[in-house]
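Reviewing the structure listed below.
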Amino acid sequence: MSPTSRNPQQPAHSDKAPRRHQSGIAIVTVLSVLMLMSVLVLAFFSAANTELEASRHYASSLRTHQLTDIVTNIVIAQVREATAPVTLGGRRSTWASQPGLITTFHNNRSPSYERLVLSKHKLYSSADMSGSGSENLAGDFAENWNDLPARWVDLNAPSFSEQNGLLSFPIVDPRAFISRNSTNSIEGFEYSATTSNGRTVAGVSPPRGGANDTQRLPMPVEWLYILDDGTLGYLDDGKRFVATTGSGRPSENNPISARLAFWTDDESTKININTASEGTHWDMPRYQSTGEEALSTMQPARREYNRYPGSPAMVSLSSVFYPHQDLNTSQIEDIITLAPKVGWGGSKAGTAVASGSSGVPVDEQHLYATVDELLYRYAERETDPIGESPRNENAVFDVDGSNRDAAAAARLLLERSRFFLTANSNAP
C-alpha cells in the first residue's frame with residue numbers, strides 16, 4: 001500500500017470542519033437574538049418608566065390645579081355671600097371691601113360703628129371663615145403662631161435670590177416703610193409689632209433707622225387640611241383634625257392628602273397704573289389772588305387728562321414713587337410720560353399757558369399687562385433695533401448707571417411698590 005492511499009472505511013479529517021463551523025454560527029445567531037431581545041425588553045421598560053414618571057408629574061399638576069380651584073371657589077363663595085343684596089334677615093345691607101376682608105353693614109343709620117357692622121367675611125384661610133360684627137380680627141392669630149408650623153404659616157416669608165443678591169417678599173415689602181414723612185416711605189403705609197388691641201405679633205421686625213434686609217412683616221394664616229375623600233378642615237389646639245366641610249375622618253384609608261393656605265388681595269384698593277398719572281389741581285377762579293390768577297391763565301388744554309377734575313388720571317403716582325416730596329416739573333413729566341394714554345403738554349401741569357387749539361397729543365403707549373412693565377420705556381422698546389442698544393429704563397427708575405448701589409435702589413423701588421400698584425383693577 002502506498003503512503004498516499006487511504007482506508008475507505010475511515011472518514012477524512014476535512015469532512016468534520018463544516019459541521020463545527022455551522023455549530024459556531026448557530027451559537028452566534030442565538031446570542032445575537034437574545035441580545036436584541038434584551039435590548040428591546042430594556043427599551044420597553046425604560047419607555048414604560050418614562051411614561052410612568054410623566055403620568056405622575058401630570059397627575060401632580062392636576063392635583064395642584066384642583067387645589068388652586070378649591071381656593072378660588074372658597075374665595076368666590078365668600079365674596080358672593082358677603083355681597084348678596086339681601087341678608088339672612090331679609091334686610092338689605094351695605095358692604096365694603098379691603099385686602100383680605102369684606103365687611104357688611106346694617107342700614108339702620110346708627111352713629112355707632114359697632115352697631116352698624118353686621119358681619120365680617122374673611123378672604124384668607126381660617127378655621128372660621130366668617131366673624132361677627134363685634135369680633136376684632138386684629139387678634140385672629142395665635143401669639144405663638146411661629147412655634148406652631150402645623151397650624152400656621154407665614155405667607156409673607158421672604159426669599160433670597162442668589163443670582164442678584166436681593167431679598168423678595170411675596171405680598172408686601174416691609175422696607176416700603178422707614179418712618180413717618182420719610183421720602184423713602186410709601187405714603188399711607190405704616191406697621192408696628194403691636195396690633196390695635198394691644199397684642200404683639202411674633203416675628204415683626206420694624207425698621208431701625210432706615211430700610212434694611214432685617215425688616216419683617218409676617219402674615220400668619222391657618223393651614224386648611226384636605227382628606228383623601230375631599231373633606232376640608234383644620235387642626236385644633238390639640239392638633240386634632242376638625243372637619244368644616246364634609247363628614248370624613250382621618251384614618252389609614254382616608255389620610256390627609258394636602259393642605260392649603262391663602263390670602264386674597266383687593267385690586268380696587270390699589271393704584272391702577274393704566275389710569276393714574278399725576279394729578280394737578282384746577283378749578284374755576286373765584287377771587288383775586290396769585291393762585292386764582294394762575295387757574296385762569298394756565299387752564300388745562302384738550303386731552304390734558306391729568307388736570308380734568310374727576311378723571312382717573314388725577315390719581316397721583318407720586319405717593320408711591322416720590323412720597324412726601326414737593327415735585328418739580330421734571331418729576332411730574334417723568335410720571336406722566338410713564339403713564340399710558342396720558343400725554344405731556346398743554347399747560348404742563350399748570351406751569352405754562354397752553355398754546356394752540358390742537359391740545360395734548362394722545363399717548364399711543366399700550367396698557368400695561370403687569371406692574372413689571374413700568375420699568376422700561378415704551379418708545380425705546382419699539383423703535384430701537386434689536387440688539388443695537390440695551391433697553392432703557394423709565395426716568396422714574398433711571399439712575400446713574402455707574403453707581404451700582406443706586407441702580408439696585410431704583411429696582412428695589414419697583415419691588416417695594418408692588419403691593420400698592422395694580423394693572424388689573426376694574427374699579428373706576
Side-chain angles (χ1 to χ4, degrees), residues 98-101 136-139 141 143 145-146 154-161 164-220 263 265-266 269-273 276-279 315-328 330-332 334-335 338 371 374-375 393-400 403-422:
Q98 67 186 74
L101 186 71
N136 189 345
L137 297 183
F141 63 94
E143 290 197 39
W145 66 268
N146 52 344
D154 178 16
L155 293 184
N156 199 41
S159 60
F160 180 77
S161 173
N164 51 28
L166 297 179
L167 197 66
S168 300
F169 294 82
I171 299 178
V172 53
D173 195 325
R175 295 168 296 184
F177 170 68
I178 307 302
S179 63
R180 293 183 180 180
N181 301 322
S182 169
T183 56
N184 292 320
S185 296
I186 304 298
E187 292 184 16
F189 176 63
E190 184 178 348
Y191 69 93
S192 68
T194 306
T195 65
S196 59
N197 61 355
R199 300 181 67 186
T200 300
V201 183
V204 174
S205 180
R208 296 178 176 87
N212 54 76
D213 289 345
T214 64
Q215 291 181 239
R216 295 292 184 273
L217 183 57
M219 299 183 66
W263 178 85
D265 209 343
D266 185 356
T269 63
K270 300 184 178 185
I271 298 178
N272 191 340
I273 59 176
S277 61
E278 185 59 29
V315 178
S316 297
L317 287 167
S318 61
S319 60
V320 175
F321 296 130
Y322 300 109
H324 307 288
Q325 298 182 39
D326 294 328
L327 304 188
N328 55 43
S330 176
Q331 290 173 319
I332 296 176
D334 290 342
I335 294 179
L338 177 77
V371 175
L374 279 174
L375 190 62
E393 296 169 347
N394 274 308
V396 172
F397 307 98
D398 193 15
V399 295
D400 182 8
N403 189 338
R404 296 184 60 184
D405 292 337
R411 286 161 176 78
L412 281 176
L413 173 61
L414 181 62
E415 291 296 324
R416 288 196 288 264
S417 305
R418 289 181 184 278
F419 183 71
F420 312 94
L421 303 175
T422 180

Counting C-beta onward and ignoring hydrogens, is there a side-chain heavy-atom pair between [X] and [Y] closer than 4.5 Å?
X      : Y      : result
Pro170 : Leu155 : no
Arg216 : Phe169 : yes
Ser417 : Val371 : no
Lys270 : Asp265 : yes

- Let me see the working for Glu278 and Leu327 under side chain to side chain contact (heavy atoms under 4.5 Å, CB included), right down to the final yes or no. CA-CA 10 Å; Glu278 185 59 29; Leu327 304 188; 3.7 Å; yes

To the nearest 0.5 Å, tell me how far [X] [atom1] sits from [Y] [atom2].
X      : Y      : atom1 : atom2 : value
Leu101 : Asp266 : CG    : CG    : 10.0 Å
Gln325 : Ser318 : CD    : OG    : 8.5 Å
Leu317 : Ser277 : CG    : OG    : 7.0 Å
Asp173 : Leu167 : CG    : CG    : 7.5 Å
Ser168 : Arg416 : OG    : CZ    : 11.5 Å
Asn146 : Phe141 : CG    : CZ    : 10.5 Å

Atom of [X], atom of [Y] and distance for their closest heavy-atom approach:
X      : Y      : answer
Pro207 : Tyr191 : CD-OH, 3.6 Å
Tyr322 : Glu187 : O-OE2, 4.4 Å
Ser196 : Ala138 : OG-CB, 3.6 Å
Ile178 : Arg175 : CD1-O, 3.7 Å
Ile271 : Ser316 : CD1-O, 3.9 Å

- For the pair Val201 and Val204, evaluate side chain to side chain contact (heavy atoms under 4.5 Å, CB included) and give the outcome as yes or no after the intermediate values. CA-CA 6 Å; Val201 183; Val204 174; 3.6 Å; yes

- Query: Any luck finding a side-chain donor-acceptor pair between Asn197 and Thr195 under 3.5 Å?
  - Reply: yes

- Task: Evaluate the ring planes of Phe419 and Phe189, with Trp represented by its six-membered ring, and classify them as parallel (under 30°), tilted (30 to 60°) or perpendicular (over 60°).
- Result: tilted

- Query: For Asp326, does the CG atom have more than 12 heavy-atom neighbours from other residues, nucleotides or ligands under 6.0 Å away?
  - Reply: no

Whether the side chain of [X] engages the backbone of [Y] through a donor-acceptor N/O pair (distance < 3.5 Å, no angle test) should be reported.
X      : Y      : result
Arg180 : Ser185 : no
Asp154 : Met219 : yes
Gln215 : Phe177 : yes

- Query: Of Pro206, Pro174, Ser205, which meets side chain to side chain contact (heavy atoms under 4.5 Å, CB included) against Leu217?
  - Reply: Pro174

- Checking Leu374, Val320, Leu338 against Ile273 for side chain to side chain contact (heavy atoms under 4.5 Å, CB included), the one that qualifies is Leu374

- Task: Before giving the answer on side chain to side chain contact (heavy atoms under 4.5 Å, CB included), spell out for Ile186 and Phe321 the whole-Å C-alpha distance, their side-chain angles and the decisive distance to 0.1 Å.
- Result: CA-CA 8 Å; Ile186 304 298; Phe321 296 130; over 6 Å; no

